[in-house]
Amino acid sequence: MYSRTPLFDWNEARRAKEAIDHAMAQKGGDLSVGYLRFVPNQHHWMIQKLGRKRMAAFELSNIGVGSSSSENSCFGIEGMLFSQSASACSAAIKISAVTGRDGKLALGFTWQEGVVDGGMIKQLQRAFRAHVEELAASK
């Protein structure tokens, strides 16, 4: 679990990176998805999650920067998009981030219809964009 104040600056970005590095060192050993193998009936377990309070309102997943391709390769990746599907047993809103070799950050927003209002997503996207642009301008 990671939390922060509403202010997001480069010091906070560095703290977030340290938290990510620490989580990656765990190699998934502390992720709740690792416990799914102990659920005897996953369909029944997930159905029970519908309409209940969630542990998190939103989730941000970042898979980092796409590696550069070799000059000897016969193919290359120009851009990337990473997205996860919405789920009744996780955050109501998911934001997926990846940076391609071209240096462009791609953000994918997913949510469950009927659970999260589309207008709220538009506001979230505008706010997220403003914060990313502010961070990029202050660099």
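Quantities reported herein were computed from a predicted structural model and do not represent experimental measurements.
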Would you give the length of the straight line joining atom [atom1] of [X] to atom [atom2] of [Y], rounded to the nearest 0.5 angstrom?
| X | Y | atom1 | atom2 | answer |
| --- | --- | --- | --- | --- |
| D117 | K122 | CG | NZ | 11.5 Å |
| Q48 | H43 | CD | NE2 | 10.5 Å |
| I95 | T110 | CD1 | OG1 | 9.0 Å |
| K94 | S83 | NZ | OG | 9.5 Å |

Nearest heavy-atom neighbours spanning [X] and [Y]:
| X | Y | result |
| --- | --- | --- |
| I93 | L124 | CG2-CD2, 3.9 Å |
| A97 | L105 | CB-CD1, 4.1 Å |
| Q84 | S96 | N-OG, 3.4 Å |
| W10 | S138 | NE1-OG, 3.4 Å |
| V116 | M120 | CG1-SD, 4.3 Å |

- Query: Counting heavy atoms not belonging to M46, are there more than 12 under 6.0 Å from its CE?
  - Reply: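 Yes.
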
- Just by distance, with hydrogens left out, do E59 and S90 show a side-chain donor and acceptor under 3.5 Å apart?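 Looking only at side-chain atoms, S90 and E59 do not form any donor-acceptor pair under 3.5 Å.
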
- Item | Salt-bridge criterion met for E18 and R15 (N-O under 4.0 Å) | no

